[in-house]
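Every number for a ligand or one of its atoms is a count from 1 in the order of the listing.
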Amino acid sequence: MLVRHTLRRPAIHLSIPSACTPSTRHLVSLPRHNQSSPAITTTTTGRRRTMATRCGTPPSSSALEKLPSSSIRVLRTVESVRRWRKPHQLDQRRVALVPTMGALHEGHLSLVRAAARENHHVVVSVYVNPAQFGVAEDLASYPVTWEADAAALVALDRELADDGHNLGRISAVFVPSTQEMYPGGFPGQEVDSKGSFVSITPVGEVLEGRSRPTFFRGVATVCMKLFNIVQPERVYFGQKDVQQTVVIKRMVRDFMLPIEVVVGPTTRAADGLALSSRNVYLGERRRPVATVLYRALCAAEKAYKDGAKDRETVLGAATRVLETTLAEQMALGQEGRVRFEVDYISLADPDTMEELQAVDPARGGILSGAVRMLPVEAPREGEDLGHSGGPLVRLIDNIILPPVA
Ligand SMILES: Nc1ncnc2c1ncn2[C@@H]1O[C@H](COP(=O)(O)OP(=O)(O)OP(=O)(O)O)[C@@H](O)[C@H]1O
Ligand SMILES: CC(C)(CO)[C@@H](O)C(=O)[O-]
Ligand code: BAL
């Protein structure tokens, strides 16, 4: 058998319910069909992409650097952010932070729009944090598109200025170096690296944390640094990375950070694929098949809405979509098929991410999954394989099953 198709189901632990922190807010509570996000395509045509060498950061700074034809400050050091931030503490202007790793797409921009609606100043951070990539992961090829990102922010800032409904605009972009973010030296990407880390467990150990053992330690650590540097009143994260939002909310609660965490809905392409910086690696053959995960999650959501609450029925609906799609692909032969492996499909508690045997409608649940889209085996003449020759691409997605009052 050429294809490994595993549905890994994590050990089941029933959750201990914990209350949502008051400092947490969802901009929209999900199901895709209720979303009003515009249909967006993931094309990156015309954007210059460079490899994410850790030196692949924007050019070095001058005293009051701004993005071209804009008032957006470019801040590169902790000290420059502190200097920029100080007057806003005194004038009581609300500052929001949108953390990103660059390669900006409409998903990121939707978070910036949300932040500008209800805050006086929006700071966007662009930093590819090496600590959240495992040693064997795609740090070296992670897309870095600084010029396109800068242009997207300038264009969005103009849009925000023209639209009279915003409290604020994009005031600054924070683009630190790794030396700036890890002043004591970068601790390394290994699981047993020594250094100053923030670990949020056990929620950071399941699902994504199981597949990427250093991921949430890296995310929590860099977010704690970003929060301490920018000192935002509000931070904006995308539901696309749902477990990340749960980890960040937990960190904010447990470390008593005076910050409100706002979660924006997942922006999708017209066919349902969640926008992701990594989609550029898919290429023309894998791109349409990459919707399989979302289609599987939608089938599970439908089973739930049709009345099923138990794990077997709900996730069974997702599994059937995955298996049928894989069988269809395998029938196409090497020249036509797309191979994928399922990393996990999960039905989990919304606060702990622990697997559920059944959904309590009063609490709801989170359907999530990860698939690995394997490289094309036998490319056709002239076939567009995607950025960097179309390597393995790991995609994640989720649907929230909201509590029923
Ligand atoms: N499609 C999307 N809709 C809404 N928010 C998103 C979307 N994609 C990413 N975000 C959010 O943008 C923020 C920055 O994410 P990031 O820079 O890692 O982009 P990404 O597209 O998730 O990249 P990756 O390919 O690494 O997953 C995160 O809070 C993330 O959840
Ligand atoms: C939150 C984040 C910017 C931390 O590096 C990253 O995990 C991301 O882009 O989702
Ligand atoms: N959006 C999550 C960042 C990562 O996969 O590293």
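Below 4.0 Å from some heavy atom of Pro99 lie the following atoms of ligand 1, by number and element: 13 (C), 14 (C). Interface of Phe237 with ligand 1, defined as ligand atoms under 4.0 Å from a residue heavy atom, comprises 29 (O). Atoms of ligand 1 found under 4.0 Å from any heavy atom of Arg278 (numbered from 1 in listed order, with element): 24 (P), 25 (O), 26 (O), 27 (O). Remark: ligand 3 atoms within the under-4.0 Å shell around heavy atoms of Met101 are 3 (C), 4 (C), 6 (O). Numbered from 1 in the order shown, with element, the atoms of ligand 1 that lie under 4.0 Å from a heavy atom of Ser277 read 19 (O), 20 (P), 21 (O), 23 (O), 25 (O). Each of the following atoms of ligand 1 lies closer than 4.0 Å to a heavy atom of Pro265: 3 (N), 4 (C).
Not a single donor-acceptor pair under 3.5 Å links the side chain of Arg73 to the backbone N or O of Ser80. No side-chain donor-acceptor contact under 3.5 Å links Ser171 to the backbone of His121. In this structure a side-chain-to-backbone donor-acceptor pair under 3.5 Å is present from Arg286 to Gly390. Of the possible donor and acceptor atoms, none in the side chain of Thr266 sits under 3.5 Å from a partner among the backbone N and O of Ala274. Looking only at distances, a side-chain donor or acceptor of Asp349 sits under 3.5 Å from a matching main-chain atom of Asp351. A donor-acceptor pair under 3.5 Å is absent between the side-chain atoms of Thr145 and the main chain of Ala148, judged by distance alone. The closest donor-acceptor contact from the side chain of Asp384 to the backbone of Gly283 lies at 3.5 Å or more, if one exists at all. Side-chain atoms of Arg285 never come within 3.5 Å of backbone atoms of Leu385 as a donor-acceptor pair (strictly under, hydrogens ignored). Distance alone, capped at 3.5 Å, places no donor-acceptor pair between the Arg117 side chain and the Val112 backbone. Panel note: side chain Arg372, backbone Arg339; no donor-acceptor pair is recorded below 3.5 Å.
At a heavy-atom distance under 4.0 Å, no atom of Gln243 approaches ligand 3. Of the heavy atoms in Arg278, only side-chain atoms (C-beta onward) come closer than 4.0 Å to ligand 3.
To the nearest 0.5 Å, atom CG of residue Leu395 and atom CG of residue Asn279 are 6.0 Å apart. Rounded to the nearest 0.5 angstrom, Glu205 CD and Arg210 CZ are separated by 9.5 Å.
Looking from atom 29 (O) of ligand 1 to the surrounding protein, the closest heavy atom is Gly238 N, 3.0 Å. The protein non-hydrogen atom at the shortest distance from atom 25 (O) of ligand 1 is Ser276 OG, 2.7 Å. Nearest protein heavy-atom neighbour of atom 16 (P) of ligand 1: His108 NE2, 3.3 Å. Distance from atom 23 (O) of ligand 1 to its nearest protein heavy atom, with residue and atom name: Tyr142 OH, 3.1 Å. Distance from atom 6 (O) of ligand 3 to its nearest protein heavy atom, with residue and atom name: Gln132 NE2, 3.0 Å. Among protein heavy atoms, atom 2 (C) of ligand 3 sits closest to Asp241 OD1, 3.3 Å.
A 4.5 Å side-chain heavy-atom check between Thr100 and Val124 finds at least one atom pair inside the cut-off.
Cation-pi contact between Lys249 and Phe237: absent, since separation from the ring centre below 6.0 Å together with deviation from the ring axis within 45° is not met. Remark: Arg268 is positioned above the aromatic ring of Tyr294, its terminal NZ or CZ atom under 6.0 angstrom from the ring centre and at most 45 degrees off the axis.
Residue nearest to atom 3 (N) of ligand 1, selected from Thr267, Val242, Asn129: Thr267 (by heavy-atom distance). Counting heavy atoms only, Asp241 comes closest to atom 30 (C) of ligand 1 of the residues Asp241, Val280, Asn279, Val263.
A heavy-atom separation below 4.0 Å is not found between Arg268 and ligand 1. The shell of residues lying under 4.0 angstrom from ligand 3, judged by heavy atoms, includes Phe215. In this structure, Glu137 does not count as a contact residue of ligand 3, since none of its heavy atoms falls inside 4.0 Å of the ligand.
Polar contact check, Met101 against ligand 1: a nitrogen or oxygen pair lies under 3.5 Å apart. Considering backbone and side-chain atoms alike, His105 places an N or O below 3.5 Å from some N or O of ligand 1. The distance criterion of under 3.5 Å between nitrogen or oxygen atoms is met by Leu275 with respect to ligand 1. Between Leu111 and ligand 1, no pair of N/O atoms sits closer than 3.5 Å. Note: an N/O pair closer than 3.5 Å links Lys240 and ligand 1 by distance alone. Residue-to-ligand polar distances keep Thr100 apart from ligand 1: every N/O pair is separated by 3.5 Å or more.
Between the side chains of Thr178 and Tyr127, at least one donor-acceptor pair of N or O atoms lies under 3.5 Å.
Here Phe133 and Phe215 keep their ring centres 6.0 angstrom or further from each other. Between His88 and His120, the ring centre distance reaches or exceeds 6.0 Å.
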Dump all N/O pairs between ligand 2 and the protein below 3.5 Å as a table: atom names plus distance, one pair per row.
{"unit_1": "ligand 2", "atom_1": "5 (O)", "unit_2": "Gln132", "atom_2": "OE1", "d": "2.7"}
{"unit_1": "ligand 2", "atom_1": "7 (O)", "unit_2": "Gln132", "atom_2": "NE2", "d": "3.0"}
{"unit_1": "ligand 2", "atom_1": "7 (O)", "unit_2": "Gln244", "atom_2": "OE1", "d": "2.7"}
{"unit_1": "ligand 2", "atom_1": "10 (O)", "unit_2": "Gln244", "atom_2": "OE1", "d": "3.4"}
{"unit_1": "ligand 2", "atom_1": "10 (O)", "unit_2": "Gln244", "atom_2": "NE2", "d": "2.9"}

